[in-house]
Every structure is written in structure tokens, then in C-alpha cells.
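A short worksheet on the structure shown next.
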Amino acid sequence: MSQLTILRYPDPRLHTVAKPVAAVDARLKSLVQDMLETMYEAEGIGLAATQVDVHERLVVIDVSEGRDQPLVLINPEILWASDQTQVNDEGCLSVPGIYDGVERSSAVKVQALGLDGKQQTHEAEGLLAVCIQHEMDHLIGKVFVQYLSPLKRNRIKTKMVKQQKGE
């Protein structure tokens, strides 16, 4: 296993639309392990393949307290999202140190392949529902700051560029 480099906003590669995963094979399983290691090391709860410059429809998530219940979603599709919404403070490993309120559906039902290549359905609410929606946004090239006002987005972009120049 090895840690991957997480792309940082405003890197244009974060806006790439991911293609479907063609096969659940050894390469993909290795990528999943590397993504999990990267996510845990960065103290995140979710990571999309897009964030590590792999433009395939793959997401890893772990919202468990013990950080020992990873959820792998390959080619995920939201089947249903509740009309009820809630605003939560969201952060992102690609936008470190920035948190802001984003309105999302309170519950979702998602269908995806698991690491075994079999179709699975997951119903989620609360933090897991938010995380699924956030990570799936990455697969369509959307970063959470795009939900914010243009003024906030530009301030964040300026801050991120300055941070990267200072590193």
C-alpha cells in the first residue's frame, strides 16, 4: 500500500468528470487500499478517486468512530434522495482547513458495486448521507465550495493559492 497525493483546490483536475470503472480487478483493489490509507492518514471520512487524480467512478468512505468500517462504492448512483434537507458544515481533503455550510438531502439510497464486484444498495442518513453526496459530487467534477457564494469561493481560492505557494 502507498499513500497517494491529494489534489488541492483550485487544481483544474478536480473538475474532471469521472468515467465508469470498467472492471473490479487487482488494479482497482490496490487503488482502493491506497485510497483508504490516504484517507485515514489525512484524517478524512471520504475520498473520491478524482481527488487522487484517478478519474474513475470510485469512492471510499468511513464515518465509523473506530475508523474500521470502510465503505467502497464503485460506479455509485443515487437512486433516491429525500426532499427533506439539512445544512451541515462540510470540509474537504482537497480544500484543507476550510469548512462551510452546504445544504443536502437528509437521506439517500445509493446503488454501487462492492469490492466483490456485486451490486449493493445502501440507505444512508445523517453524516453518511452527506458524505456520499459530497464524494459523488467529486465524480462529476464538483467541489463543495461551488455551493458557496462567488465571494466566498474567490476568497477560498485566493487563500488556497497562497498556501500552496508558501509550501
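Side-chain atoms are counted along with the backbone in the values below, which use heavy atoms only and exclude waters and symmetry mates. What you are looking at is a predicted structure, and each value in this text was computed from that prediction instead of being measured.
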Legend entry - Note: Asp62-Arg67 ion pair, threshold 4.0 Å (strictly below):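 No, no charged N to carboxylate O under 4.0 Å.
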Hydrophobic cluster mates of [X], side-chain heavy atoms under 4.5 angstrom, ILVMFWY only, any path?
X      : result
Leu4   : Ile6, Val21, Val24, Leu28, Leu31, Val32, Met35, Leu36, Met39, Tyr40, Leu47, Val52, Val54, Leu58, Val60, Val72, Ile74, Leu93, Leu113, Leu115
Val161 : none
Leu73  : Ile45, Val59, Ile61, Val63, Leu71, Ile78, Val108, Val110, Leu127, Leu128, Ile132, Met136, Leu139

Report yes if the side chains of [X] and [Y] come closer than 4.5 Å at any heavy-atom pair, otherwise no.
X     : Y     : answer
His15 : Pro10 : no
Thr5  : Asp53 : no
Glu37 : Ser2  : no

Inset, instruction - Can you run down the salt bridge (charged side-chain N to carboxylate O under 4.0 Å, His left out) pairs that involve residues 126-147, sequence neighbours left out, and say none if there aren't any? - result: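 Sorted result for residues 126-147: Arg104-Asp137.
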List in chain and number order the residues that pass side-chain hydrogen bond (donor to acceptor under 3.5 Å, both in side chains) with [X], two or more places apart in sequence or in another chain; answer none if no residue qualifies.
X     : answer
Glu43 : none
Ser94 : Gln51
Thr85 : Glu103

Inset, instruction - Would you mind listing every side-chain hydrogen bond (donor to acceptor under 3.5 Å, both in side chains) that reaches into residues 107-120, with sequence neighbours excluded? - result: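 Those involving residues 107-120 are Gln120-His122.
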Inset, instruction - Sort and list the pairs that fulfil side-chain hydrogen bond (donor to acceptor under 3.5 Å, both in side chains) and have at least one residue in residues 148-162, not counting sequence neighbours. - result: Asp100-Lys152
Inset, instruction - Could I get the full list of side-chain contact (heavy atoms from CB on, under 4.5 Å) partners for Gln84, not counting sequence neighbours? - result: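 With neighbours one apart ignored, the set is Ser82, Ser106.
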Inset, instruction - Please answer: with hydrophobic residues joined when any side-chain heavy atoms are less than 4.5 Å apart, are Leu14 and Tyr147 in the same cluster? - result: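 Looking at the clustering, Tyr147 is in the same group as Leu14.
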Inset, instruction - Just jot down the salt bridge (Lys or Arg N to Asp or Glu O under 4.0 Å) partners of Glu41, sequence neighbours excluded, or say none. - result: none
Inset, instruction - Could I get the full list of salt bridge (Lys or Arg N to Asp or Glu O under 4.0 Å) partners for Asp25, not counting sequence neighbours? - result: none
Inset, instruction - Would you confirm whether Arg57, through its side chain, and Pro76, through its main-chain N or O, come within 3.5 Å as a donor-acceptor pair? - result: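 Flag set: sc Arg57 to bb Pro76 pair under 3.5 Å.
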Inset, instruction - May I ask you to check whether over 12 heavy atoms, not counting those of Lys29, lie within 6.0 Å of atom NZ? - result: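 Buried by this count: over 12 neighbours within 6.0 Å.
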